[in-house]
Amino acid sequence: MIRASVIEVLRNDELLNQEVELSGWVRSRRSSKGGFSFIHINDGSCLDNIQAVADEKLANYNDILELSSGFSVCLIGRVVESGGKGQDREIQASQLSIIGSVEDPENYPISKKSHTFEYLRTMAHLRPRTNTFGALTRVRHAISHAVHEYFNDNGFFWVNTPIITSSDCEGAGELFKVSTLDALNRESTTSPEDDFFGTNTFLTVSGQLNVESYACALSKVYTFGPTFRAENSNTSRHLAEFWMIEPEIAFADLLANAKLAEDFLKAVVSKIMASCEKDIEFFNERVDPHLIEKLQALVEKEFTLMNYSEAVDVLQKSGSEFEFPVSWGADLQSEHERFLTEKIASGPVVVTDYPKEIKAFYMRLNDDEKTVAAMDVLVPGVGELIGGSQREERLEILDSRMDERLKEELWWYRELRRYGTVPHAGFGLGFERLVLYLTGMENVRDAIPFPRTPKNVSF
C-alpha cells in the first residue's frame with residue numbers, strides 16, 4: 001500500500017493500477033442509480049480534486065451516503081483510468097473511513113456555494129479549504145521559496161534582524177510599544193528605566209538599519225521577516241502585521257539598486273508562473289482575466305527609468321485630471337503611479353531622485369542638495385511595489401539630517417560611517433503586496449493567513 005497525496009495520484013503515472021491510501025476533505029458527493037457514490041476529495045496539495053468511486057457493496061455504504069462538504073475521510077483504493085469528463089484517473093474505493101463529520105451540514109460555514117472575500121475574512125480558520133485561499137496559500141509559499149532561492153543563488157546571506165527595537169526606522173511614529181509594565185493597574189507612575197529593557201521599546205517597522213551593518217561586512221545580505229505598524233487604517237492596502245523583504249548591497253549606488261530590484265522581480269515572477277501554473281491559471285480565470293498577460297509583460301519588458309522631476313513634468317503635461325494635484329515637492333499618489341505605468345510607459349517604471357523633504361534621513365543627498373537618491377518601482381495595476389534608496393554613507397551629511405535624539409539612539413548606525421564606510425543601497429518590498437500582484441487579488445487582508453487590522457485580532 002502506498003500513501004499518496006492528491007497531486008501525486010493525479011500526476012504520477014507510476015501510481016496507475018496501484019493501491020493507495022489517501023486522506024483529505026470531501027468537497028462534494030453525488031449518487032448514481034447504479035448504486036455508486038462519486039466523492040470528490042481535496043487535501044490541499046493542489047487545486048484539483050480526486051474522484052473516489054464507492055460501490056454500494058462497501059460495508060459502510062450507508063455512512064458514505066451521509067457524506068457532504070467538509071467531512072474528513074481516509075480512502076483506500078486502486079488508482080484506475082477514468083472515462084469521466086475532465087479527469088483521466090480516479091480511485092476505486094475498497095475502504096472509505098469517516099475521520100471527522102460536520103455537525104450541521106446544512107449550515108457548514110464554507111459550503112460549496114460562492115462566498116464573498118469579505119465573508120471569508122470572518123472565517124479565517126476555514127477559508128484555506130476554499131479553492132481561492134488554498135491556491136493563494138500555495139502561491140504564497142512558492143513566492144517565499146523563490147525569494148530565498150534567488151538571494152541564495154546570487155550570493156546573498158539571510159540575516160535575522162530584531163523584532164524588538166528602540167528606534168523608529170521610518171520616522172512615522174506609528175509603532176506598537178513593547179512593555180512588561182502594567183501601567184493601567186499601577187498607582188505610581190513608572191519610567192522607561194523601570195521596564196524590561198530599561199528604555200522605550202517597540203515592534204519593528206523595518207529591519208533595514210540593522211541589516212545595513214551586515215552589508216558593511218558581508219557585502220550582500222537580506223532580511224525577510226515580520227514587521228509592524230500601528231497605523232489606524234482600514235483600507236485594502238494596510239495591515240498592522242506584515243512581512244518585508246529587504247536586501248542590502250555594499251559598494252553599490254542607486255542604479256545598481258534599481259537593477260537588482262528589476263532582476264529580482266523578474267526572477268521571482270518567472271519562477272512562480274512556472275511552478276504554480278495551475279494556481280495562476282485559476283486566478284486568471286476567476287479573479288483577474290489579465291493576470292497572466294500582466295505577469296508575462298513584467299518579465300519580458302525592460303523597466304522604464306525616470307527621475308521624479310521628469311515624472312512630475314509628464315503628469316502635469318498629460319492633460320489628465322487627478323484627484324490629488326501634481327506639484328514638485330509632493331509625494332506621488334497611487335493614481336499618479338498607475339498613470340505613469342499604464343498610460344505612459346505601458347509597463348514597470350522606476351522613479352528616482354525624490355525631494356529630500358519627503359524622504360527618510362538615511363537616503364543619500366544628491367549633489368543638487370534638493371533631492372535624495374531614492375527610488376520607487378511602480379507596476380501597472382498596483383502602483384508602488386518596491387521602495388528603496390542609496391544610503392547616506394557620509395557621516396557629516398547624515399548628521400545634518402538627523403535630530404539630536406536620533407543621533408543618540410542610533411550611535412551604532414553612525415559609527416558604520418566612521419569605520420570603513422562604503423556606498424551601499426537597498427530596498428524594501430512588502431511580501432503581501434507581492435502576493436497580491438502575483439494573484440490578482442485586491443485586498444491585502446486576503447494575502448496573509450490571519451490579518452491583523454484595527455479592532456481585529458480574533459483569530
Side-chain angles (χ1 to χ4, degrees), residues 4-13 15 22 24-28 40-51 69 79 81-82 84-90 110 112-117 120 126-147 149-150 236 264-301 341-342 346-348 379-382 385 431-449:
S5 63
V6 171
I7 194 170
E8 289 170 333
V9 171
L10 293 175
R11 296 187 184 180
N12 188 352
D13 290 341
L15 292 181
L22 181 148
W25 291 266
V26 173
R27 286 292 176 84
S28 64
H40 291 115
I41 299 170
N42 188 280
D43 65 356
S45 60
C46 64
L47 185 65
D48 296 318
N49 307 318
I50 187 68
Q51 177 173 280
S69 182
V79 181
E81 292 182 352
S82 172
K85 186 178 180 181
Q87 60 193 34
D88 66 352
R89 65 193 67 183
E90 61 190 18
I110 53 167
K112 198 175 178 182
K113 68 178 184 180
S114 178
H115 297 290
T116 66
F117 294 148
L120 289 173
L126 294 176
R127 69 177 182 172
R129 300 186 191 184
T130 66
N131 283 337
T132 299
F133 287 92
L136 194 142
T137 303
R138 288 186 293 270
V139 171
R140 183 183 166 101
H141 164 79
I143 297 171
S144 177
H145 184 267
V147 167
E149 184 177 50
Y150 174 85
S236 62
F264 169 79
L265 276 179
K266 288 182 174 181
V268 171
V269 171
S270 296
K271 182 77 174 179
I272 300 310
M273 291 183 73
S275 63
C276 300
E277 186 177 5
K278 283 264 190 181
D279 289 324
I280 295 298
E281 287 175 356
F282 169 82
F283 286 114
N284 192 82
E285 178 184 343
R286 301 293 184 88
V287 177
D288 179 358
H290 304 293
L291 178 63
I292 292 176
E293 176 187 348
K294 176 184 72 176
L295 297 179
Q296 195 64 50
L298 181 139
V299 171
E300 294 175 353
K301 188 159 187 177
T341 58
E342 295 167 19
S346 299
V379 294
V382 173
L385 193 59
F431 184 48
E432 283 72 30
R433 191 167 291 191
L434 183 57
V435 172
L436 290 185
Y437 187 71
L438 275 155
T439 59
M441 298 287 283
E442 294 183 349
N443 195 314
V444 73
R445 301 179 191 194
D446 298 327
I448 193 167

Student: Give the minimum heavy-atom separation between L291 and G440, together with the two atoms involved.
Tutor: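 Taking every non-hydrogen atom into account, CD1-N, 3.8 Å.
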Student: Heavy atoms, side chains only, cut-off 4.5 Å: are R140 and F431 in contact?
Tutor: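 Touching, per the 4.5 Å side-chain cut-off.
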Student: Looking at CZ of R89 and CD of E81, how far apart are the two atoms once the value is rounded to the nearest 0.5 Å?
Tutor: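 One gets 8.0 Å once the value is rounded to the nearest 0.5 Å.
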Student: Among residues two or more places apart or on two chains, list those pairs meeting side-chain hydrogen bond (donor to acceptor under 3.5 Å, both in side chains) that have a residue in residues 271-288.
Tutor: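 For residues 271-288: R138-D279, E149-K271.
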Student: Any side-chain heavy atom of V435 sitting closer than 4.5 Å to one from D446?
Tutor: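 Not touching, per the 4.5 Å side-chain cut-off.
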Student: When you compare the side chain of L436 with that of E442, does any pair of heavy atoms fall below 4.5 Å?
Tutor: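 Of all side-chain heavy-atom pairs linking L436 with E442, none is under 4.5 Å.
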Student: Less than 4.5 Å apart, any side-chain heavy atom of N49 and any of V6?
Tutor: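 Side chain of N49 against side chain of V6, heavy atoms only: no contact under 4.5 Å found.
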Student: Does a side-chain heavy-atom distance below 4.5 Å link R433 with L385?
Tutor: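 R433 reaches L385 side chain to side chain.
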Student: Between E8 (side chain only) and S5 (backbone N and O only), is there a donor and an acceptor less than 3.5 Å apart?
Tutor: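 Pair found, side chain donor or acceptor close to backbone of S5.
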Student: May I ask you to test the V287-T439 pair for a side-chain heavy-atom distance under 4.5 Å?
Tutor: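 The answer is no; the side chains never approach within 4.5 Å.
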Student: Counting N and O atoms only, with roles assigned by atom type, does the side chain of S45 sit under 3.5 Å from a partner on the main chain of I7, one being a donor and the other an acceptor?
Tutor: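 Here the side-chain-to-backbone pair exists.
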Student: Test side-chain contact (heavy atoms from CB on, under 4.5 Å) on L434 and L265; report intermediate values, then the result.
Tutor: CA-CA 9 Å; L434 183 57; L265 276 179; 4.1 Å; yes
Student: Would you give the length of the straight line joining atom CG of L47 to atom CZ of F283, rounded to the nearest 0.5 angstrom?
Tutor: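 These two atoms lie 8.5 Å from each other.
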Student: For G24 versus D43, what's the shortest heavy-atom pair and its separation?
Tutor: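 Scanning both residues, the minimum pair turns out to be CA-CB, 4.2 Å.
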Student: Nearest 0.5 Å, what's the CG-CG distance between N131 and D48?
Tutor: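 Reported value, rounded in 0.5 Å steps: 9.0 Å.
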Student: With the side chain counted from C-beta on, respond yes when I50 and I41 share a heavy-atom pair under 4.5 Å apart, and no when they do not.
Tutor: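 I50 reaches I41 side chain to side chain.
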Student: Are L295 and V299 close enough, and set up right, to give a side-chain contact (heavy atoms from CB on, under 4.5 Å), and what steps lead you there?
Tutor: CA-CA 6 Å; L295 297 179; V299 171; 5.7 Å; no
Student: Going from CE on M441 to OG1 on T132, what distance comes out if it is rounded to the nearest 0.5 angstrom?
Tutor: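 Output value for this atom pair is 6.0 Å.
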Student: Give a yes/no verdict on a cation-pi contact between K266 and Y150, requiring under 6.0 Å between NZ or CZ and the six-membered ring centre and an angle within 45° of the axis.
Tutor: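 Checked: cation-pi criterion not met.
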Student: So, taking the atom named CG in N42 and the one named CZ in R129, what distance separates them when rounded to the nearest 0.5 Å?
Tutor: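 Going from the CG atom of N42 to the CZ atom of R129 covers 11.0 Å.
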Student: Can you see which heavy atom on I280 is nearest to which on L438, and at what distance?
Tutor: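 Reported closest heavy-atom pair: CD1-O, 3.3 Å.
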Student: Please report the shortest heavy-atom distance between A135 and F282, naming the atom on each side.
Tutor: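 Shortest heavy-atom separation between A135 and F282 comes out as CB-CD2, 4.2 Å.
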Student: Return the minimal non-hydrogen interatomic distance between P380 and T341, and the atom names on each side.
Tutor: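 Between these two residues, the closest heavy atoms are CA-OG1, 3.4 Å.
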Student: Can you measure from CG (N443) to CD (E432) and round to the nearest 0.5 angstrom?
Tutor: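 Those atoms lie 12.0 Å apart.
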Student: For the residue pair L136 and A447, what are the closest heavy atoms and their distance?
Tutor: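 Closest approach of L136 to A447, heavy atoms only: CD2-CA, 4.0 Å.
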Student: Please check if the side chain of K294 supplies one atom and the backbone of V379 the other of a donor-acceptor pair under 3.5 Å.
Tutor: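 Judged by distance alone, no pair lies under 3.5 Å.
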